[in-house]
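Below: one structure, written as structure tokens.
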Amino acid sequence: MNEPITNLWSIPLLIVIPILTAILVNLLYNKANAIKTIAISSSITLLAIALISPFGFQWFTGQPGVIPGGGYTFSADIFAWRLSLEYYYGSLQQILIVIMSLLLAFVVFISTRVLKKNFGTYIGLLFLLYTSAAIIIMVNDFYHLWIGVEFGSLLVAGVVAASGESISQKAALKYTFFSALSGAGMAISLALILGLTGYSNISDAIRFMSNNQLGGMSGVLYVAFGFLILSWIYAGGLAPTHPLKSDVYGAAYPHATILLQTQSKLMLVAMGLIILRLFSGLPFAKEVMLAISVITMMLGVVMALLQTDFRWTLAYLIISHSGLVTVGISLGTVAGIIGGLFQAVNDIIYMSILLLCCEAVLYFGSGTSIRSISGIAKSSPWLTGAVIVGALAASGIPPLNGFQSELILIQAALGQGLPEIAVIILMVSVTTFIALFKSIYSIFLRPADQTIIVGKPSADATTTGLSPVPKVLFLALAVLIGIAIILGVYPNLALNFLNETAMKVVYVPWVP
Amino acid sequence: MEMGELKGARGIVALVALVIIFAGVLFSFLQLNGNVARGISPEYNRLAYLEAPNNLASWVYDLRGFDTFIETGVIYVGAVVSVLALGRGIVKVKGPREEEPVPQTSFDFKPDTVPIILKYFGLPAIMLIVSYGLLIVTGAATSGGGGFQCGVIISSAYLLGMAIYGKSNPLNLGKKFLIGLGSIGWATYGLCGLPGYLATHYWQYNVGADLWSSYPGFPGAVPEILRTVFGDPFRLALVLKEGTFYSSAGIVPIINLGEAFNVIGALGLIFLVFAYGWSDRKEGET
């Protein structure tokens, strides 16, 4: 299953290249052309590395594993306690990082086209956001997981605050404040696990827990579980902290929200799998995770129905669909985990389609509220087509990708004897459809209201004051819609990447 | 959130949650008392001294050095985000009219009111503090302390200078310089991983100390030139009656310098911008 190589060349590059790019573009600050060149080349390089990389481990700093009987090894095939910080790049990591790299490339292209000067810092933050997500999905070490989450939380606040508006700054401040509490909680959890096992490597800690009777310490395990769940809830925006994350999604520019929601989904997946690997043996652990996921799904979709602004509808739907991802993982079965992981992949894709359409609406100059803009279908039929496809995919309509993952989730729930979960998933799909089409009808399909002055973003910017919708946005839409259709028709293209991870989590949890 | 909001049911829920959390943590630590598993830590202790007499430096910057690299990033990003909140790097979409950025105010900073005696003692105090910071960072591989500590100490000297003398203080570090220093610091730390990566594909393998390349099964080899360039400048001799033993901290002292630059740049920038606000105008322009 795992490749034994412990010095995989690609892993450091996926972390260090975006960091060096971020440092450089932050220094360049307002040198727009140089920033564009560096950022675009760097994002394409990352995509290429993610695509061609083989699988394997990276033992940073090249310290060996300690063989229990004596001696050292540099092979991951031999059982040994890890001295180095360990990352793993496997099939799950590949599919998620490839998608994230593709989205980073599109977001960087769009940002450098539509933003005014001084965007070096902002582009730098986007690259670092990518880094934080890549760290969390590849790392197999508690301490570094905590650093990754801390790093990521701070970056979320930065990306949101970058628009300088009062609503963004408030959202960023609230998020930063709670991140401090959550980070402290996670640190306590990891300290307890370290105290119990003595290993910061996740695989080693799980092996230690499997080989040693920790029955007398089950109370400590429960407390550690509780704090880790708290961090999971916070990092992914699950209930009851969902208002913090929805504020973040709604207050950021939609193109930035594409990366923010991707980072959240990756955190949910990575931390959810780690919690399962560590604590699935604890009574009630999966039930607690499942309850949180179901509440998140329902709260998110109800809140989405109440919104009158397309941005905020999407913000709450992202929350709700995060619950769909975690429902699958929380079921803890192979089918459930596959469904959860596939849902994460699909969710990232169709939410990105919808967010790109929302970004395009912004360029019409009348905001994204259903009361302030209408009749876009007439001037932009392609955009209208794209938003409808995105909405259908999000609502689980065949033959689009959302249908396949929701079907697997429903089957997994039924397989576990939980028909009520299957019914809730169906309800979420239907409600998603209603919430999205309320906005889509008002903004795109409803005839233009003469009392609302809507600009024409494709017109000459010097006379209208509005910029054209960048062509790269349409290219991104075309690519993502293509992926949504392909995964809807041939789901095995993604499922082949996810099966192995699900099997490992259930049957050999100490293998990353 | 206003404190008044914590009255009533919400306050009771918050109180109960706090009590549960406190009881859980207390119970766990009591249970762990005397039962902490040593796990991997004896192995770290066994190997650390082979690089540097300061075990902590070996752990933090070598054995777990990549952790510290990202942690260094937390400091860098903390500064970037704090300064962004005050105006540097705020972005706007071309075309659509958006809300103006929230106006920022700087502290009411009046160094003119500082007593004259403080001004006389300020300069020697700053010189001493900076010297202490340099002492810490240059001896980081052999004694306690390192880049973090040096950075904090020197940026404290900068803050003291601003408090006593204002913006034109003896250290006189400008915003552009501080941003550059922080960036160079983090980039230096990152790039210290490159020689090891090129030689062995292990990022941040310490080519100067080179503990493992001769061990059976180690993938890759460290060229002599890398061992010399990164190892010899920091090689130490420990003279004992059993003989003289040599060790080198390798890239650890360079990482410490990068760390120090990063912390001075990050903290200095936060101090400067919080005290005087941010303006995109060049320094010296009105």
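Quantities reported herein were computed from a predicted structural model and do not represent experimental measurements. The chains referred to below are lettered A, B, ... by the order of the sequence lines, with proteins before strands, and numbering in each begins at 1.
- Ile90(B) CD1 to Leu115(A) CG: the interatomic distance, rounded to the nearest 0.5 Å, is 12.5 Å.
- Nearest heavy-atom pair across Phe74(A) and Gly217(B) is CB-O, 3.7 Å.
- Considering only heavy atoms from C-beta on, Pro64(A) comes within 4.5 Å of Trp212(B) through its side chain.
- Residues Val220(A) and Asn35(B) fail the side-chain proximity criterion, which asks for heavy atoms closer than 4.5 Å.
- Side-chain atoms of Asn7(A) and Tyr197(B) form no donor-acceptor pair, as typed in the model, at a separation below 3.5 Å.
- The shortest side-chain heavy-atom distance between Leu84(B) and Leu125(A) falls under the 4.5 Å cut-off.
- At least one donor-acceptor pair closer than 3.5 Å links the side chain of Lys92(B) to the backbone N or O of Ser163(A).
- Looking at Gln204(B), its side chain never comes within 3.5 Å of a backbone N or O of Gly62(A) through a donor-acceptor pair.
- For the pair Leu194(B)/Val16(A), no side-chain contact is recorded, criterion being any heavy-atom separation below 4.5 Å from C-beta on.
- Ranking Ile188(A), Asn201(A), Leu196(A) against chain B, the residue ahead of the rest is Leu196(A), based on heavy-atom pairs under 4.5 Å.
- Here the OH-OG distance, from Tyr205(B) to Ser84(A), works out to 10.5 Å after rounding to the nearest 0.5 Å.
- Between the side chain of Gln31(B) and the backbone N or O of Gly219(A), no donor-acceptor pair lies under 3.5 Å.
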Discussion item. Before you tell me yes or no, could you show the steps for Ile21(B) and Phe227(A) under side-chain contact (heavy atoms from CB on, under 4.5 Å), namely the whole-Å CA-CA distance, both residues' side-chain angles and the distance that decides it to 0.1 Å?
Written reply: CA-CA 9 Å; Ile21(B) 289 170; Phe227(A) 278 109; 3.6 Å; yes
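- Interface residue Phe218(B): backbone and side-chain heavy atoms are both found under 4.5 Å from chain A.
- Using a 30° and 60° split on the angle between ring planes, His144(A) and Phe66(B) fall in the tilted class, from 30° to 60°.
- The heavy-atom pair separating Gln58(A) from His201(B) by the smallest distance is NE2-O, 3.1 Å.
- In this structure, chain A has no heavy atom under 4.5 Å from any part of Ile184(B).
- Between Asn118(A) and Arg88(B), the closest side-chain pair of non-hydrogen atoms is not below 4.5 Å.
- For the pair Ile19(A)/Trp186(B), a side-chain contact is recorded, criterion being any heavy-atom separation below 4.5 Å from C-beta on.
- With a threshold of 4.5 angstrom between heavy atoms, Ile135(A) approaches chain B through side-chain atoms but not through N, CA, C or O.
- Interface remark: of the candidates Ile251(B), Asp67(B), Ile40(B), Val74(B), Asp67(B) forms the most heavy-atom pairs closer than 4.5 Å to chain A.
- Comparing Ala224(A), Gly195(A), Ala22(A), Gly158(A) by how many heavy-atom pairs each has under 4.5 Å with chain B, the most go to Gly195(A).
- With a 4.5 Å cut-off on non-hydrogen atoms, Thr200(B) touches chain A through its backbone but not through its side chain.
- Using a distance-only test at 3.5 Å, with no hydrogens or angles considered, no donor-acceptor pair links the side chain of Asp62(B) to the main chain of Thr61(A).
- The most heavy-atom pairs under 4.5 Å with chain B, out of Leu155(A), Val223(A), Leu230(A), come from Val223(A).
- With contacts defined as side-chain heavy-atom distances shorter than 4.5 Å, the pair Val93(B)/Tyr363(A) qualifies.
- When each of Trp81(A), Trp9(A), Phe208(A), Tyr29(A) is scored by its heavy-atom pairs under 4.5 Å with chain B, the top score falls to Tyr29(A).
- Highest contact tally toward chain B, considering only Ile11(A), Ile23(A), Leu8(A), is held by Ile23(A) [criterion: heavy-atom pairs under 4.5 Å].
- Annotation: side chain of Arg64(B) is in contact with side chain of Tyr143(A) (closest heavy-atom distance under 4.5 Å).
- Listed options Asn26(A), Leu128(A), Thr131(A) were ranked by heavy-atom pairs under 4.5 angstrom with chain B; first place goes to Asn26(A).
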Worksheet entry | Residue pair Val25(B), Leu192(A): steps toward the side-chain contact (heavy atoms from CB on, under 4.5 Å) verdict | CA-CA 9 Å; Val25(B) 173; Leu192(A) 295 178; over 6 Å; no
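- Side chain of Tyr202(B) to backbone of Gln63(A): no donor-acceptor contact under 3.5 angstrom is found.
- Between Tyr215(B) and Tyr72(A), the distance from one ring center to the other falls under 6.0 angstrom.
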